[in-house]
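On a predicted model such as this, the values are computed, not experimentally measured, just so you know.
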Number of protein chains: 2
Amino acid sequence: MTTRKLPENSTPAGGLEEARLHDVIGYQVAQASIATLGLFHRAAGEVLDLRPAEYTVLVLIKENPGGTAARVARALAVSAPNITMWLDKLERRGWVVRQASETDRRTQHLHVTDKGRQVADTATQQLLEAERRTFSHLTVGERTILVELLHKLALKRSE
Amino acid sequence: MTTRKLPENSTPAGGLEEARLHDVIGYQVAQASIATLGLFHRAAGEVLDLRPAEYTVLVLIKENPGGTAARVARALAVSAPNITMWLDKLERRGWVVRQASETDRRTQHLHVTDKGRQVADTATQQLLEAERRTFSHLTVGERTILVELLHKLALKRSE
DNA sequence: TATTGTTATACTCTATAACTATA
DNA sequence: TATAGTTATAGAGTATAACAATA
């Protein structure tokens with residue numbers, strides 16, 4: 001299929017296939033993230049004084065109670081000092097607690113507080129509502145498919 | 001539909017609907033971009049000494065020859081000084097030229113050089129090949145749908 | 001008055017290096 | 001030796017403010 005020469009794959013100039021930007025998934029993801037980051041800022045960031053990274057770390061801890069900082073760092077593909085900084089901020093705001101481990105005295109187990117859970121849930125609720133409004137030109141089925149395909153993309157991290 | 005209480009929407013604890021992180025499109029986009037940014041770095045960034053933003057600005061100029069810096073800034077939703085910086089870098093590398101406008105002496109028309117076009121095309125080619133390999137667990141149809149749905153997302157920027 | 005683009009400057013976010021403590 | 005986490009520090013990328021030139 002890729003070896004067959006189709007008219008729409010040949011350029012006017014040289015007859016060679018042109019690499020099409022439109023087909024680069026990473027480019028479309030980047031463009032889409034302009035929209036989703038803007039939506040985050042308006043729907044949750046501004047009202048709750050919440051940064052995207054803050055939200056992500058918070059919900060990750062909420063969904064994986066007792067997890068460690070190293071695990072969060074790996075999940076987000078960022079450095080350990082970076083996570084330390086975000087945990088400092090989240091702890092300072094009373095949304096996350098670091099609990100010393102009893103079996104391994106190097107590690108800490110992370111948990112959200114009631115207040116932290118409330119912030120995370122409110123933010124998620126706001127985001128879902130805003131997305132439903134803003135992306136109403138997508139059907140429910142399309143949104144479901146999109147989420148699943150994005151999820152499949154995210155599975156491949158280091159190949 | 002949202003007012004009807006469905007069993008799968010109630011939490012064990014309170015009986016209230018739980019806002020599901022999994023359904024937040026922005027979260028999935030952010031997770032997916034970890035994968036695509038890593039892929040960019042390995043497939044094009046490292047070899048061509050190219051930053052994601054550099055690539056994006058370059059291809060945007062290539063696909064919109066004669067466009068202005070202000071237009072690029074709006075397209076990427078970044079500030080004007082930021083674009084000035086990237087244009088400086090791209091011009092210094094001989095990939096982009098600023099051409100003074102004859103009708104409006106404030107503006108410049110942006111064009112890629114032959115070298116710039118070559119870099120952009122090579123990068124795009126490398127990215128497409130790497131994505132085809134890395135995301136081979138998606139069918140061609142799924143990849144097409146994904147690109148189209150992401151494109152539809154990107155249409156909604158400021159609502 | 002508004003817009004284009006630049007310079008100066010500061011802030012945010014992320015990383016690397018060096019370290020302590022523990023396994 | 002390797003891992004978890006912190007501190008110190010530097011770099012990349014972004015923004016705002018102030019400005020000059022032009023519309």
Side-chain angles (χ1 to χ4, degrees), chain A residues 30-31 33-34 37-38 40-42 45-46 49-58 60-61 64 66-93 96-111 157-158, chain B residues 30-31 33-34 36-38 40-42 45-46 48-58 60-61 64 66-93 96-111:
Chain A
Q31 291 295 307
S33 78
I34 296 176
L37 283 173
F40 177 89
H41 184 248
R42 292 188 302 278
E46 225 160 22
D49 188 23
L50 201 61
R51 299 292 184 165
E54 238 170 349
Y55 171 71
T56 309
V57 171
L58 184 62
L60 224 51
I61 295 170
N64 302 280
T68 66
R71 198 176 151 197
V72 174
R74 278 190 296 269
L76 299 179
V78 294
S79 65
N82 191 346
I83 292 301
T84 295
M85 185 201 66
W86 287 116
L87 291 178
D88 286 348
K89 293 196 181 187
L90 291 171
E91 202 174 33
R92 227 176 292 135
R93 299 180 83 168
V96 160
V97 287
R98 288 162 155 122
Q99 187 184 67
S101 168
E102 297 187 350
T103 57
D104 184 341
R105 286 168 57 196
R106 294 171 304 177
T107 58
Q108 327 161 318
H109 299 293
L110 303 170
H111 297 274
R157 284 277 198 86
S158 44
Chain B
Q31 291 294 307
S33 76
I34 296 176
T36 53
L37 283 173
F40 177 90
H41 185 249
R42 292 189 303 276
E46 225 160 22
L48 299 168
D49 187 24
L50 201 61
R51 299 293 183 163
E54 239 170 345
Y55 171 71
T56 309
V57 172
L58 184 61
L60 223 51
I61 295 171
N64 301 282
T68 66
R71 199 176 150 197
V72 174
R74 278 191 295 267
L76 299 180
V78 293
S79 66
N82 190 348
I83 291 301
T84 295
M85 183 199 69
W86 287 116
L87 290 178
D88 286 348
K89 293 195 181 189
L90 291 172
E91 202 173 34
R92 229 178 288 136
R93 298 179 84 167
V96 160
V97 287
R98 287 162 154 122
Q99 188 184 68
S101 168
E102 297 187 350
T103 57
D104 184 340
R105 288 167 58 195
R106 293 171 305 178
T107 58
Q108 328 161 318
H109 299 294
L110 303 171
H111 296 275

At less than 4.0 Å, is any side-chain N or O atom of [X] found next to OP1 or OP2 of [N]? Yes or no.
X	N	value
A:Thr84	D:dT6	yes
A:Trp86	C:dC13	no
A:Arg105	C:dA23	no
B:Arg51	D:dA12	no

Nearest-nucleotide comparison on DNA chain C, the residue closer to the 5′ end among A:Arg106 and A:Val78: A:Val78

What does [X] touch in the nucleic acid at a heavy-atom separation under 4.0 angstrom: a base, only the sugar-phosphate, or nothing?
X	value
B:Ala80	base
A:Ser79	base
B:Ser101	nothing
A:Thr107	sugar-phosphate

Main-chain N/O of B:Lys89 paired to B:Arg93 side chain as donor or acceptor, under 3.5 Å: no

Nearest whole angstrom, please: distance from the [atom2] of [N] to the [atom1] of [X].
X	N	atom1	atom2	result
B:Met85	D:dA15	CE	C1'	12 Å
A:Glu91	D:dG5	CD	P	13 Å
B:Arg71	C:dT4	CZ	P	12 Å
B:Tyr55	D:dA12	OH	C1'	21 Å

Would you say CZ of A:Arg71 has more than 12 non-hydrogen atoms from neighbouring residues, nucleotides or ligands within 6.0 angstrom? no

Full working for side chain to side chain contact (heavy atoms under 4.5 Å, CB included) between A:Arg98 and A:Leu110: CA-CA 5 Å; A:Arg98 288 162 155 122; A:Leu110 303 170; 3.9 Å; yes

